[in-house]
2 protein chains.
Amino acid sequence: MILLDENSKYKELLNREGIKSTRHRNAILELLEESEFPLTAEQLFITLRDKTASIDLSTVYRTLDTFASKNLIVKSNRADDGKALYELNHNEHKHHLLCVGCHKLISIDDCPIGELMQTLKNKIDFDITGHKLEIYGYCHDCKKYNHTLSSDT
Amino acid sequence: MILLDENSKYKELLNREGIKSTRHRNAILELLEESEFPLTAEQLFITLRDKTASIDLSTVYRTLDTFASKNLIVKSNRADDGKALYELNHNEHKHHLLCVGCHKLISIDDCPIGELMQTLKNKIDFDITGHKLEIYGYCHDCKKYNHTLSSDT
DNA sequence: AATGCAAATGCAAGGCAGTTGCAAGTAGTG
DNA sequence: CACTACTTGCAACTGCCTTGCATTTGCATT
């Protein structure tokens, strides 16, 4: 009785990749698409469990693995804890600012080092295929506190 | 009966940080100092178990945590697997090239984006305190194979 | 619409990196 | 040397993630 259309929003995409279109896969893709930021498997699991019908955590992981192997999504690792993050592969290059105060993640759209990588490619004996840049610091809100507190690190 | 001198090589340093100088702590610092690259807790554990007297894995982890909290070492996360890496904090800024072919890690000494961070600091409402850059690709040795095989990504 | 089959899923158990509680050992102090 | 607080080993445990297996489901074919 719900959104049959909606549910198969990604059918073509999935079939094109040679995998079946299922309720869970569609839901996961949808969540990732809606989210501004990378999500953990657990976040997806909880949202899905509440929102749609129940889903098993292992299904979430397997689905994410499948998507990652098809390059539909990108898996990365958060720096501080060991949790993996998943986001849609927009095939656009993107970096984030990670606030060490409140752990907020802020996207920056243009890659500040794109051309630098080009230059570097020519200087070193190494075939650069990609890079990951994480920038740490304090966001607008945390700045204030930090200025009154900070000392070490 | 061994290297009493050697063993207390880091005594001063440790005491200065307010922690006791022990056989294990000295040994771990020594290994990290000798190593050109970040090591996992497990690598340290195995080396130490064979080399000096036996050590418990939990001691390795606790020691590494202690060192990290004193900023003697730096903990980071390898991108592909979930293992944490530890290296001496040289207080020098350093980046690595990670070969996705053979997983070799190559150091690059100068930070290619230092001044870029400076520029960025002024452009955005975010107090940058640090950054991490990982560059992926194929090293000299893996390049050859890659050229004959590669296609995607 | 019914059938068949491979792929997808749920469930429960397992694996692995890292953590914790506690008793025993040890460094540093007087 | 004795004392105390910090360290360590040991074993059990946690949390994230994976796997084996029986069941279900998507989808192509009849």
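Note on naming: letters A, B, ... go to the chains in the order of the sequence lines (proteins, then strands), and numbering restarts at 1 for each one. A quick note: this is a predicted structure, and the numbers were derived from the prediction, not measured.
More than 12 non-hydrogen atoms from other residues, nucleotides or ligands lie less than 6.0 angstrom from CD of B:E34.
Remark on DNA chain C: of its neighbouring residues B:I19 and B:A84, the 5'-side contact belongs to B:A84, judged by nearest-heavy-atom nucleotide. Between B:N15 and B:L57, the residue anchored nearer the 5' end of DNA chain C, judged by the nucleotide with its closest heavy atom, is B:L57.
You'll find that the side chain of B:T22 is closest to C:dA27, out of D:dG9, C:dA27, C:dC11. With distances taken from any side-chain atom of B:H24 to the nucleotides D:dT7, D:dG26, D:dG9, the minimum falls on D:dG9. Of the candidates D:dT18, C:dG28, C:dG10, C:dG28 carries the atom nearest the B:S21 side chain, counting heavy atoms from C-beta on. Between D:dC17, D:dT8, C:dA17, one nucleotide has an atom nearer to the side chain of B:T63 than all others, and that is D:dT8. When distances run from any side-chain atom of B:D56 to the nucleotides C:dG10, D:dG9, D:dC27, the shortest one goes to D:dG9. Nearest nucleotide to the B:K20 side chain, out of D:dG9, D:dT19, D:dC6: D:dC6. In this structure, of D:dG9, C:dG18, C:dT26, it is C:dG18 that holds the atom nearest to the side chain of B:Y61. Residue B:R62 places its side chain closer to D:dT8 than to any other of D:dC17, D:dC16, D:dT8.
Atom CG in A:N26 sits roughly 16 Å away from atom P in D:dT25 (whole-Å rounding). As rounded to whole Å, 10 Å separates atom P of D:dC10 from atom CZ of B:F45. A:L64 has its CG atom 11 Å from the P atom of C:dT9, to the nearest Å. Rounded to whole angstrom, the span from the CG atom of A:L14 across to the P atom of C:dA7 amounts to 15 Å.
Side-chain contact between A:F45 and A:T40 is absent, with no heavy atoms from C-beta onward closer than 4.5 Å.
Evaluation of atom-type donor-acceptor distances gives a pair under 3.5 Å for the side chain of B:S58 against the base of D:dC10.
In this model, a donor atom of one side chain and an acceptor atom of the other lie less than 3.5 Å apart for A:E33 and A:Y10. In this model, a donor atom of one side chain and an acceptor atom of the other lie less than 3.5 Å apart for A:S21 and A:N26.
Residues A:H131 and B:H95 keep their aromatic ring centres 6.0 Å or farther apart.
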